[in-house]
Amino acid sequence: MSTLYKSRFFPHPMVSLLLLVVWLMLNNSISAGNIVLGSFLAIVIPILTAPLQTPQPKLKKPLLAVYYVLQLAWDIIVSNFQVANMVIRPPKLLQPGFIAVPIDLDTVTAITILASTVSLTPGTVSSDISDDNKWLYIHVLNLENEEELIATIKQRYEKLLKEIFEC
Amino acid sequence: MMQHLVVLPILAPMLMAVMMLLPPLQNTIYRQRIASFFTMLVMLGIAILLIITSSEQTQVYALGGWQPPFGIVLVADRLASMMVLLTTVLGCGALLYASAGDDNLGMYFHPLFLFQLMGINGAFLTGDIFNLFVFFEILLIASYALLIHGGGKQKTLASVHYVSLNLVGSSFFLFALGILYGTLGTLNIADMADAASRLEAQEAVLAKTGVLLLLLVFGLKAALLPLHFWLTKTYSSASAPVAALFAIMTKVGIYSIFRIHGVVFGEEAGLLANTALPWIWPMAILTLIIGTIGLIGSSSLKVLTANLVLISVGTLLLAMVIPGGIGLGAALYYMLHTTLVSGALFLLADMIGKQRGKAADRFVPARPIQQPGLLGTLFFLAALAVIGMPPMSGFVGKVMILQAANGTSGMIWIWSIILISSLAAIIALSRAGTNLFWNLCGDKSDELASSQLQIIAVVLLLACSPLLVIFGAQVTEFTDTAARQMLHDYPTIKAMMNAGITQ
Amino acid sequence: MSLFWIPLLPMIGTLVPLLSERWGRSICALCTAIAPAIALTMVLAYMPSVLAGQPIQQSIEWIPLIGLELSFHLDGLGLLFSLLILGIGLLIILYARYYLSDQDSMGRFYAYLILFMAAMLGIVLSNNLIQLWAYWELTSISSFLLIGFWSHSSNARKGARMALTVTGAGGLALLAGLLMIGNIVGSYDLHTVLNSGDLIRENPLYPVILVLVLLGAFTKSAQFPFHFWLPHAMAAPTPVSAYLHSATMVKAGIFLLARFYPILAGTEQWFLMVSLTGLATLLLGAYIALFKHDLKGLLAYSTISHLGLITLLLGMDSRLAAVAAIFHVVNHAIFKASLFMAAGIIDHESGSRDMRKLNGLWKYMPYTATLAMVAAASMAGVPLFNGFLSKEMFFTETLDQSALGSLSWMIPVLATIGAMFAVAYSIRFIHDVFFNGEPINLPRTPHEPPRYMKVPVEILVGLCLLVGIFPQFMMGDLLTSASSAVLGGAVPTYSLSIWHGFNLPFVMSLIAMGGGLLIYHNRRSLFRFQAQFPETDAKLVFDDTIKLVIEKAAHFNGWLENGSLQRYMFWMMFMVLALITVPIMNLNTTEGIRPETPLNNVMSAGAALLCICALATVIWHRKRVIALLMLSVVGLIVSISFAIFSAPDLALTQLLVEVATIILLLLALFLLPQRTPKESSPSRIMRDLSISAVIGGVVGTISYAIMTKPLVSISDFFLDNSKTGGGGTNVVNVILVDFRGFDTMGEITVLGIAALGIYKLLAQMHIAMPTSDIDGRSWARDKHPMMLEVISQGLLPLALLVSAFIFLRGHNLPGGGFIAGLITSLALIQQYVAHGVNWMKVRLKVDYQWLIGSGLFIALATGAGSWLFDRPFLTSWFDYFTLPIIGKFELASALLFDLGVYLTVIGATLLILANLGKITTGERPKQTEYE
Amino acid sequence: MNFFLELLIVAILALGAIMLLIGSIGLVRLPDFYTRLHAPTKSTTLGIGSIGLASMLYFSINHEGLSVHEPIITLFLVITAPISAYMLSKAALHHKIKTVSRTQNQHLAETARNQQPPTSSSEFSD
Amino acid sequence: MEALYALCVGVLTTCGIFLTLRGRTFPVVMGMTMLSYAVNLFLFASGRLTINGPAILGFSVNYADPLPQALVLTAIVIGFAMTAFVVILAMRARADLGDDHVDGRAPDSSETPKNQS
Amino acid sequence: MLETALLLCGATIALALLLNLWRLLRGPSLHDRILALDTMYINAIAFILIMGMRVDSPLYFEGALLIAMLGFISTVAAAKYLLRGDIIE
Ligand code: NA
Ligand code: NA
């Protein structure tokens with residue numbers, strides 16, 4: 001686990017930023033008043049919730065994170081159509097199956113993001129994680145090539161996550 | 001502060017109850033006791049002031065300064081003020097009794113007790129039908145919580161029944177409100193009376209269902225037959241101070257019936273006039289009959305007292321339906337009497353039961369109690385009051401009701417039923433007294449004697465009964481005027497509202 | 001004002017014995033006697049004036065509304081009775097001093113006795129009908145206490161209850177009668193009433209009034225068929241019997257007849273009812289008295305008989321008879337009281353009252369025997385004793401009767417027969433006790449009583465003789481005065497002398513004596529004759545009846561209130577049905593003139609969804625989780641409906657509450673059985689289905705009828721004033737926090753109280769937790785899945801942000817404190833779900849109770865704040881401000897109020913849910929290891 | 001409104017609605033719980049995302065000022081949908097909910113249920 | 001639309017009442033919840049149905065009646081408080097009485113139908 | 001055009017909801033039912049958004065937002081119930 005941000009007022013600057021953005025979005029406005037109010041909330045809420053937060057790994061490469069999100073969005077769109085297709089096809093053609101993916105990440109946040117990614121990309125659902133956080137069990141809607149799928153997951157997502165969180 | 005007097009009977013207990021959830025009163029029973037007593041004293045003062053001011057003129061208080069019928073108003077006429085005072089006096093007794101130790105059998109006794117008073121006072125004072133619903137719910141939820149105070153299987157079971165029936169009852173209250181708003185277009189009670197007189201035939205039919213559903217709701221609170229089933233078990237299993245306080249709960253229902261069905265939808269409600277009257281008659285009579293049978297068949301003092309409550313409900317409503325409202329004054333006097341006396345009896349039953357050990361308050365032979373003379377005397381006086389024998393107040397109440405019914409069409413019914421139930425009370429209470437105090441076996445029990453506070457509580461409540469007789473002239477005059485004011489003042493209130501006395 | 005003191009002194013005197021008990025028995029008795037003695041002196045002081053025909057009257061108003069006055073009136077009748085009550089009362093006090101044993105609480109006894117005395121005086125002196133009734137009841141009550149004085153004895157308890165029940169019932173009848181009289185006359189003033197005889201007798205209600213008043217009188221005076229309580233009242237200590245059951249209380253009924261003689265008598269109904277009852281009582285009492293082996297039993301029945309005699313006299317249509325009745329009241333009181341006292345002495349000194357054991361006491365107590373013999377002779381009507389005089393007057397009057405027509409001859413004949421039995425039992429009383437061989441198995445060796453115990457008897461016996469020999473001197477004026485009060489004016493001429501010549505009444509007396517001797521002589525064959533009839537003890541019959549009534553009542557209660565909520569609920573539904581269907585029958589058309597909202601497929605689908613899921617909830621209600629899921633769909637659709645029909649605030653609230661409810665129900669389900677057993681019979685299900693369907697149908701109909709009618713309502717006011725008066729554009733919110741803020745304050749109070757109540761429920765709950773799920777599978781091992789923990793943490797700030805957003809905009813747009821509060825609560829609950837109670841407990845150090853308190857306090861304080869500006873509670877305030885950068889913004893007191901709502905909601909919701917979780921976590925048994 | 005803009009909105013709307021419908025169809029049609037789990041969790045992202053986008057465009061064009069709050073809904077769903085699926089599938093595994101018989105690597109369901117590492121011996125056994 | 005709405009209210013009322021007449025606490029609680037849905041819809045409808053007229057000033061032309069909405073809001077909250085209480089009470093009853101029957105004990109076997117399916 | 005499209009979309013979502021209902025009623029496992037409910041929440045969000053466009057009112061957004069938040073909470077609670085019986089422990 002990398003260094004933790006210790007500031008009392010900005011326990012989680014990224015969270016604060018996110019909150020401010022969400023606040024402005026919620027209000028559909030970037031008026032001065034809303035920025036003041038939003039900033040206030042963006043500072044106060046993390047302070048209030050700080051006791052309920054376990055230490056989070058620091059985002060080392062924010063740009064890479066943006067890339068990750070965009071790639072994920074693309075993958076979601078593409079695979080959505082694939083899954084739509086599978087759903088419409090006669091169900092008998094489906095070849096469902098389980099796979100177990102070994103995890104090399106060592107922060108829970110990263111593992112969670114990986115598992116969520118897997119679930120978000122159509123065709124795969126994270127079903128369980130082993131007690132030692134080393135294995136991710138995935139149910140695959142149409143399992144054609146197990147090794148290739150495992151490799152894709154590790155390459156396309158896990159590797160990026162490892163870099164983003166440097167873990 | 002005087003101009004805010006009307007709202008104080010609601011706010012004072014609420015404020016103290018809320019304070020009890022916060023430091024420094026939080027979780028310390030001694031401080032809470034003192035705070036409660038203090039509140040009760042203040043409320044006593046408020047109630048007396050309210051009686052004085054409302055005797056001069058009906059007080060109307062517009063919350064938020066919003067002109068009725070748009071905002072919520074509180075209306076303190078003589079009747080409402082009287083009920084507030086009655087509640088406070090009863091509350092004082094119950095609280096004194098509880099402070100001897102019963103309040104420490106579970107959590108939050110004092111705040112819940114005060115919340116209960118808040119709800120009851122609110123129900124008496126409000127002049128808005130939906131606000132009445134809200135106060136009903138406050139007093140109900142507080143009563144649910146108080147009912148389980150002390151714990152035990154009996155209480156839990158009684159609660160399940162009591163709570164379930166009342167929850168469903170509340171649903172019907174809302175149905176009724178929906179109907180009434182949907183047809184009358186207003187929530188202010190005085191305004192409803194006005195709107196009712198303007199209804200067209202078909203709308204009136206709909207409104208009638210609403211009015212009658214309200215009767216169901218109030219009847220459930222008042223324990224009118226066949227909505228009375230919750231009463232016996234609830235009252236007989238609640239802890240004593242709670243049961244004593246509950247003595248006013250049925251009266252809330254009766255009060256609402258008086259107000260809503262007797263006045264608002266009474267003589268002058270156009271097509272809705274006296275909608276509920278044909279229903280109240282038989283229900284009241286049946287209630288009295290069933291209460292009387294229950295009284296005779298009671299096997300313990302608490303059950304007996306619960307049945308007395310039932311009888312008083314029947315009696316009160318019977319008095320109400322005497323044509324022309326001439327029984328209302330009598331009913332109000334009887335209400336004062338019966339509430340205080342049944343409250344005292346619940347407390348007494350608890351004291352007796354505790355001293356008798358295992359036999360509790362059941363009518364079976366038991367070991368002699370610690371304070372036979374004292375408790376015997378108190379019981380004797382309470383019994384006199386209940387049976388309606390002089391010099392206690394029951395006799396004046398009964399005579400008033402009988403006189404009111406004299407010469408009316410329902411006289412035979414009212415007289416025979418009330419007199420027969422009096423006879424039943426004689427039989428039942430003499431049975432109770434002889435069994436509890438005279439039918440002894442073995443040596444003196446080793447239970448503790450009742451504490452001073454408990455005795456003071458009972459004496460306080462019971463003493464009201466002869467006082468009601470001694471100051472009978474003033475009290476009857478007051479109740480009579482209150483009844484007449486209630487019957488004839490709604491137009492006045494309406495006028496005052498229109499004149500904008502609110503600010 | 002001193003007339004008031006006569007009944008009042010004894011009333012106050014009730015306390016004297018209780019206070020003086022500690023100083024010893026004699027002093028207690030002495031002190032007790034003070035009040036009656038003074039009262040007696042006062043009566044005597046008034047006597048000349050009353051005898052001179054100037055009754056005394058005093059009154060003060062009390063409760064004018066019911067016609068109750070504190071009003072007393074001392075006339076001849078009252079005087080006579082007062083003398084009896086106080087005089088004999090004083091003797092009884094003396095007597096009881098020696099009669100009571102050390103174990104008896106003398107103070108209590110005297111207190112009851114004096115209370116009774118006061119009540120009795122009240123009756124005879126009352127000048128107000130209601131006051132009279134009050135005293136009347138007080139005698140019943142005090143006699144109840146006196147009869148039950150030896151409360152350890154079952155006979156005493158039962159006797160007391162029986163007496164109270166019978167006389168109490170009579171009292172109620174009397175009340176009814178008196179109220180009717182008062183209503184007819186228009187006044188409860190006795191004087192006025194007594195002057196309105198014609199008015200009452202001509203009233204169609206007269207027969208009813210007569211019956212009611214007679215019921216009162218007859219029960220009190222133990223007239224057939226209400227006589228049965230009196231013998232059982234003998235369980236009382238003998239002084240009580242002597243006082244109440246011979247001299248005074250039983251005479252109250254007679255007094256009543258005499259008092260109302262001017263207004264009720266003189267009609268055929270009166271004659272028939274009163275005289276026949278008297279006659280029957282006279283005969284029955286005399287006959288049964290003979291067969292009683294118990295001394296007091298004999299005296300009790302003899303009393304019944306004599307009371308019958310007096311009643312008969314009053315029932316006769318003759319003014320002289322009334323005089324005779326009054327005379328006999330006095331005579332009977334004197335001799336019967338002394339006889340009871342004598343019987344008490346015998347009982348006291350020998351330990352028995354059974355005449356089969358008591359024999360030959362002459363040897364042991366000759367003095368007492370002599371006294372008893374004089375009294376008994378008087379009772380038998382032997383010349384030279386007072387009983388003879390009134391009995392002779394009675395015989396005279398019987399001969400004058402013609403009201404029974406051709407059967408009128410029966411009255412004297414029956415009277416003579418009654419007198420024969422009276423002689424017989426009088427002889428038995430003397431002969432059986434004082435002679436007739438030797439005592440058998442007496443507990444004690446009899447001897448003469450203490451000196452002063454005999455004094456009261458001596459005085460009374462002396463009176464028997466004095467009155468018997470010098471009637472005119474002793475009684476003349478008093479009797480005239482009393483009779484004049486009864487007859488309401490002129491008293492017929494009569495002569496009080498020992499000897500009226502050898503006439504028919506005297507012959508009747510002789511026949512009675514001879515017959516009496518004869519009967520007594522043949523008593524054994526009579527006893528045998530009587531023994532062949534099964535003894536019908538009225539007490540047993542009465543007891544059985546009462547017992548049966550109680551049992552039946554208890555059984556009925558048990559049947560009606562059988563403890564089944566389903567039944568109670570059904571009755572409620574039944575009432576609902578009755579109350580709403582009866583008026584709705586008159587609804588001609590549900591169709592209104594309001595144009596209907598257009599219907600589309602989407603809404604139909606939604607409705608279908610709603611109805612299907614509602615029905616599915618019912619169908620699967622026994623599979624609870626499934627039903628719960630169905631229910632949550634219903635909730636979802638309901639909230640969407642609110643959204644569709646232009647109620648965004650409602651939709652949001654309903655959604656949140658729905659989820660909170662589902663979570664709550666899920667929590668509960670863990671601790672409740674997962675399935676409901678099938679236990680309703682098909683008929684029960686059909687019944688429930690029908691009633692609910694009918695109610696549902698009617699409710700739907702009403703709803704439709706309402707929706708299709710136009711509405712004129714007060715709502716326009718809110719739309720018009722929301723912005724200008726309340727400072728907000730979200731009218732619903734402005735109504736909630738401003739126009740009807742009081743409702744909202746109540747609503748959050750309810751929520752707060754509910755949370756407290758729930759906390760209370762949970763505090764004492766010990767619950768068994770299932771170790772496996774519904775299908776017997778063990779629970780999953782992973783309590784807090786890691787992924788859930790991580791994501792939940794991430795969501796919390798977002799949720800709080802949304803909550804703040806909703807809170808701040810509430811006044812102008814959908815939202816508000818309640819919705820925001822629920823969002824916050826649910827977000828926190830979600831944390832509880834993800835992390836568990838223990839994790840949260842350490843980190844979230846917020847006292848939820850405190851939160852509720854502060855929330856309510858803020859709401860309250862905001863409301864009260866308007867007092868500072870001299871405005872009614874909850875008057876709102878708002879204004880617009882402009883700041884650099886931020887621009888124009890609004891501040892409103894309503895926002896503060898809403899903050900109170902917000903905090904209360906959070907506090908309440910979390911107090912409920914988090915504590916529930918705490919309970920289960922704390923008590924969860926160790927799980928069987930994962931297989 | 002500009003026709004093309006309108007057309008764009010309509011297209012996006014149609015896409016969203018169809019995706020949602022397909023998700024629901026999948027829920028009905030797919031053979032076992034695990035496969036059914038895929039349908040809605042997928043279609044929601046694109047379905048709600050599209051409709052949110054349409055709404056965003058619609059209100060930005062039809063009303064003065066931008067409407068950018070719709071993506072927050074999508075954001076919430078993107079964060080939460082995987083957890084819902086994860087928890088449900090975890091529960092299904094725990095309760096040994098039947099898989100369709102042709103499911104591959106069924107033994108993994110067992111090891112996943114125990115949250116253990118997969119056993120190498122049984123790997124790739126069909 | 002009104003007819004359909006009324007039908008839904010009727011169905012909910014029916015289902016709610018039927019459930020409250022059951023003998024076990026949980027169905028009764030569900031019945032009360034259902035009944036409160038019915039009540040809320042009913043009370044809401046007393047202000048008549050309005051489409052696209054939220055009572056937010058400036059957002060529509062023809063406003064829905066705001067008063068019943070406020071009333072229903074209050075009713076929902078109170079209903080929630082009451083439901084919460086009764087749910088916990090049901091649990092308490094189970095804990096205290098050992099049975100989740102509303103009367104604290106299962107009815108006598110004589111009342112149970114003989115042929116259970 | 002947009003109006004028609006919105007109408008059709010509404011109908012499509014309604015259809016989807018009915019399909020969800022089918023699964024909800026049909027089961028067979030509780031898990032299926034919970035999943036169906038979860039899907040219903042999703043469809044409800046879409047429905048409300050479309051509703052908002054149809055009546056041209058931005059007031060519907062918060063409803064949709066809340067459903068998105070709440071659907072998650074109740075689904076997780078239900079799943080937790082299946083797993084552990086006790087949802088808060
Ligand atoms: Na003898
Ligand atoms: Na727990």
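The chains referred to below are lettered A, B, ... by the order of the sequence lines, with proteins before strands, and numbering in each begins at 1. On a predicted model such as this, the values are computed, not experimentally measured, just so you know.
Counting non-hydrogen atoms of neighbouring residues, nucleotides and ligands closer than 6.0 angstrom, the CH2 atom of C:Trp850 reaches no more than 12 such neighbours. Heavy-atom neighbours of A:Ile30 CD1 from other residues, nucleotides or ligands within 6.0 Å: at or below the threshold of 12. In the displayed structure, C:Lys783 atom NZ is contacted under 6.0 Å by at most 12 heavy atoms of other residues, nucleotides or ligands. Heavy atoms from other residues, nucleotides or ligands lying under 6.0 Å from OH of A:Tyr157 number more than 12.
C:Leu828 touches chain A through its side chain: at least one heavy atom from C-beta onward sits under 4.5 Å away, while N, CA, C and O do not. For A:Leu37, the part lying near chain C is the side chain, with the backbone staying farther off; criterion is any non-hydrogen pair under 4.5 Å. In this structure, chain C has a heavy atom under 4.5 Å from the side chain of A:Asn133, while its backbone stays farther away. For C:Leu788, no part lies under 4.5 angstrom from a heavy atom of chain A. Neither the backbone nor the side chain of A:Asn34 comes within contact range of chain C; no heavy atoms are under 4.5 Å apart. Only the side chain of A:Ile111 comes within less than 4.5 Å of a heavy atom in chain C; its backbone stays farther off. Proximity to chain C (any heavy atom under 4.5 Å) is restricted, for A:Val36, to the side chain, taken from C-beta onward. For A:Leu52, the parts lying near chain C are the backbone and the side chain together; criterion is any non-hydrogen pair under 4.5 Å.
Note: A:Ile45 CD1 to C:Leu796 CG = 9.0 Å, rounded to the nearest 0.5 Å. The structure places CG of C:Leu808 at 7.0 Å from CG of A:Leu41, a figure rounded to the nearest 0.5 Å. One distance of note links CE of C:Met786 with OG1 of A:Thr109; it measures 9.0 Å at 0.5 Å rounding.
Here A:Leu26 is the residue among A:Thr49, A:Ile129, A:Leu26 with the most heavy-atom pairs under 4.5 Å with chain C. When each of A:Val22, A:Thr54, A:Val15 is scored by its heavy-atom pairs under 4.5 Å with chain C, the top score falls to A:Thr54.
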- Message: side chain to side chain contact (heavy atoms under 4.5 Å, CB included), that's the test. Do A:Asp131 and C:Arg781 meet it? Break it down for me.
- Response: CA-CA 10 Å; A:Asp131 272 348; C:Arg781 200 174 33 158; 3.1 Å; yes
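You'll find the side chain of A:Gln53 reaches within 4.5 Å of the side chain of C:Pro797, heavy atoms only. For the pair A:Ser116/C:Ile791, a side-chain contact is recorded, criterion being any heavy-atom separation below 4.5 Å from C-beta on.
Residues C:Phe805 and A:Asn27 come closest through the heavy atom pair CE1-OD1, 3.3 Å.
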